Each structure stands twice: as C-alpha cells, then as structure tokens.
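Worksheet: the structure to be examined is printed underneath.
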Amino acid sequence: MKGKLFDIECNVTVITGGTGVLGRAIARYLAAEGAKVVILGRKAEVGNAIVADIEKAGGEACFMTTDVLNQAVVEQNCKDIIARYGRIDTLLNAAGGNMPGATIAPDKTFFDLDPKQFQTVLDLNLTGTVIPTQVFLRPMVEKGKGSIINFSSMAAFRPMTRVCGYAAAKAGISNFTAYMATECARKFGEGIRVNAIAPGFFITEQNRSLLTNPDGSYTQRGQDVIRQTPFGRMGEPEELCGTIHYLMSEASKFVTGTVAIVDGGFNIFTM
C-alpha cells in the first residue's frame, strides 16, 4: 500500500464548471497528478485553452460543451466520456453562479428580490448539481465505485448579507450531499462516496468586483471578509486542490457525507 493511499493516477475525473477560476486550477493540478481530466463547461474557447495548457505540461485532458440544466446534453457528455475512457471515477460538481436579482444590496430590502432570478440561481447551483449527479452516478454504480464531490460554500453555514439566492442554493447542496451519501451507501454499497467542499473566499470572475476595487484594493465587503478570516487573506485557488485530492483518493475511503471546509478559519471566527 505504500505510495498508493493518495494515488489518483489514471483517475477519470469529470469537472462541471471546469472553465471557471477554481475549476481550471483544480483541473491543472489533477492532470499534473496523473488524472485524466474531462472539463465540462459552456465556454469552448476557454475550455480548449485549459486543455492545451494541460497537454503542454504533459497531462491528459479534454473539453466538452455542456449545459448542467439540460439532462439530455449531460447524458450525451456521459456517453462520450464512457466511449473515450470506459469509466468515470470522480465527479466534481463545480458549476454554479449568482445573479444581481437574487441578491439584496445594502440599500435594498427583501421586497427588491427578483423571484425569477432567485429561482435561476437555485437551478444553476442546486439543480445543476442534481442533474450531473444523477447522470454520472449511473456508471459509478455499474462498476461499484466512485467519488462525487459537490461544491458548497461559507454561505451555506451562515446567513450572510446580500447573497439570498446563492446561500439558499448552497445550503441545499450541503443537505443534498448528506442525503446522497446515505442513499448511495445503503442502496449501492460503500464503494460510492459523496462529499462536498466548502471554499472560503477566493477571488473569481463572479465576485471580483464585489470584493476588490479596480486598483486591486479591497472593497468594504472584501475588508469585512478579511476581518472575519483569521489567516487575514483570501484563498488561492490551488489551496483547494489538496482537499479535493484527498476526497478523490483511497485516503478518504471511509469518508462520506462530509462537507470539508477550506476557508482560512472564516467559519470558526466569532469576534
């Protein structure tokens, strides 16, 4: 067993939302560790560029256009992946996002919330996790082994200001993770594990303007985050990779239904 506990070489890993800031960092890391990475996203130009970078570094990856809210499209993705690799070992449900109408700014109230955009955010984050899970779980069940890693958030633990819709969706993902961990273990055996990762605050394209000013300094919101984070800084995308690697590998063989927090201490700080 020496050297095998954390081995993910040749692990066929599917990443939804793989063209985002966090997704691309994770994809590059996993490919460097020997995983065969399938990046699913909507931006083909970005996805193909990530694949080119991975291949240039000696890794293996491919990109497929998807829509995580369209089950037929996701099912075709699954068929294409099985045709190419013969199996799926890991699913990372990293697709998600937010919309202005699903947030409540300091100068607004709950009455300004747009129910349609609220529903869209719920769909993108929560249903956009449920559909890929349903599709990619099937080949895992057929071979009796697989790891699903969902993306929760600090907003799932705390009723943060502004992010009404996003927080509701991420809380749903944490609950869905626990539900699916039991569902899979009881009905499909201990070989199927379902966990989640809850990132703290990382600068992405979606939150950059909320957390930073054009000159790179922190906005008031960004300063609030730093004050709440004992490490006193934002996270770097690569700092999620070790936890994900662990949840993919045999090192976490007896771990299911957990939400692993990677936040620089944000969630435990109280004063």
Side-chain angles (χ1 to χ4, degrees), residues 15-28 39 41-47 49-50 53 67-69 93-126 128-129 151-173 197-241 261-267 269:
I15 308 177
T16 71
T19 57
V21 170
L22 302 184
R24 71 184 70 175
I26 294 165
R28 288 168 178 152
I39 298 167
R42 293 178 294 180
K43 301 175 181 177
E45 184 177 353
V46 176
I50 297 169
D53 286 345
D67 176 355
V68 293
L69 295 179
N93 279 311
N98 205 354
M99 299 182 72
T103 65
I104 302 174
D107 61 339
K108 303 292 183 181
T109 73
F110 179 72
F111 301 113
D112 296 298
L113 186 73
D114 183 339
K116 290 183 179 179
Q117 290 196 24
F118 181 90
Q119 184 63 57
T120 298
V121 171
L122 285 181
D123 286 341
L124 178 58
N125 290 277
L126 183 52
T129 292
F151 272 59
S152 184
S153 167
M154 287 300 98
F157 297 92
R158 295 166 175 259
M160 294 181 188
T161 59
R162 293 181 183 259
V163 291
C164 182
Y166 184 80
K170 291 301 186 178
I173 286 174
I197 186 169
F201 284 82
F202 295 74
I203 302 297
T204 67
E205 295 307 321
Q206 293 178 352
N207 66 16
R208 188 179 304 277
S209 63
L210 180 64
L211 299 177
T212 62
N213 296 307
D215 64 0
S217 63
Y218 291 126
T219 61
Q220 183 60 54
R221 179 77 162 183
Q223 293 174 30
D224 291 342
V225 169
I226 295 301
R227 279 196 299 273
Q228 177 66 32
T229 305
F231 276 14
R233 65 175 176 84
M234 303 289 179
E236 296 293 334
E238 292 75 16
E239 292 173 323
L240 295 173
C241 296
I261 297 172
V262 186
D263 69 342
F266 180 94
N267 195 50
F269 191 64

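From a predicted model like this one, the values you see are computed outputs, not experimental measurements.
To the nearest 0.5 Å, atoms CG (N93) and OG (S152) are separated by 12.0 Å. Taken from OH in Y218 to CZ in R233, the straight-line distance is 9.0 Å, to the nearest 0.5 Å. Residue C164 holds its SG atom at 11.5 Å from CG of D114, rounded to the nearest 0.5 Å. Taken from CD in Q117 to CG in D123, the straight-line distance is 12.5 Å, to the nearest 0.5 Å. Atoms CZ and OG1, on R221 and T161 in that order, are 4.0 Å from each other to the nearest 0.5 Å.
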* Asked: How far apart are the C-alpha atoms of I261 and F157, what are their side-chain angles, what is the distance that settles it, and do they pass the side chain to side chain contact (heavy atoms under 4.5 Å, CB included) test?
  -> CA-CA 10 Å; I261 297 172; F157 297 92; 3.8 Å; yes
* Take M234 and I226 through the test side chain to side chain contact (heavy atoms under 4.5 Å, CB included) and record every step on the way to the result. => CA-CA 7 Å; M234 303 289 179; I226 295 301; 4.2 Å; yes
* Go through the steps to decide whether L210 and R162 satisfy the test side chain to side chain contact (heavy atoms under 4.5 Å, CB included), and finish with yes or no. => CA-CA 11 Å; L210 180 64; R162 293 181 183 259; 3.7 Å; yes
* Apply the test side chain to side chain contact (heavy atoms under 4.5 Å, CB included) to residues Y166 and M99: give CA-CA distance (whole Å), side-chain angles for both, the deciding distance (0.1 Å), then the verdict. => CA-CA 9 Å; Y166 184 80; M99 299 182 72; over 6 Å; no
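Scanning both residues, N267 and R158, for their nearest heavy atoms gives O-NH2, 2.7 Å. Taking all atoms of both residues into account, the shortest heavy-atom contact from T129 to I173 is OG1-CD1, 3.8 Å. Nearest heavy atom pair, residue I15 against residue G23, reads CD1-O, 4.3 Å. When all heavy atoms of G97 and V121 are compared, the closest pair comes out as O-CG1, 3.8 Å. For the pair E239 and V262, the tightest heavy-atom approach, listed with the atom from each and the gap, is O-CG1, 3.6 Å. Nearest heavy atom pair, residue A155 against residue A167, reads O-CB, 3.6 Å.
Side-chain contact annotation: D224 with Q228, donor-acceptor N/O pair under 3.5 Å absent.
Side-chain contact between I104 and F110 is present, with at least one heavy-atom pair separated by less than 4.5 Å. Annotation: side chain of T212 is in contact with side chain of I203 (closest heavy-atom distance under 4.5 Å). Looking at heavy atoms from C-beta onward, L240 lies in side-chain contact with F202 at the 4.5 angstrom threshold.
In this structure, the side chain of D112 engages the main chain of T109 through a donor-acceptor pair within 3.5 Å. In this structure, the side chain of S217 does not engage the main chain of N213 through any donor-acceptor pair within 3.5 Å. Listed for the K170 side chain is no donor-acceptor partner under 3.5 Å among the backbone atoms of N125. The closest donor-acceptor contact from the side chain of T219 to the backbone of L211 lies under 3.5 Å. Between the side chain of D263 and the backbone N or O of F266 there is at least one donor-acceptor pair closer than 3.5 Å. T16 places a side-chain N or O within 3.5 Å of a backbone atom of A94 that can act as its donor or acceptor partner. Looking only at distances, a side-chain donor or acceptor of T103 sits under 3.5 Å from a matching main-chain atom of P100.
Salt bridge status for R42 with D67: absent, with no side-chain N to carboxylate O gap under 4.0 Å.
By the side-chain contact (heavy atoms from CB on, under 4.5 Å) test, E45 is found to be paired with no residue, residues two or more places apart in sequence or in another chain being considered.
When the shell of 6.0 Å around CZ of F231 is examined, it contains 12 or fewer heavy atoms from other residues, nucleotides or ligands.
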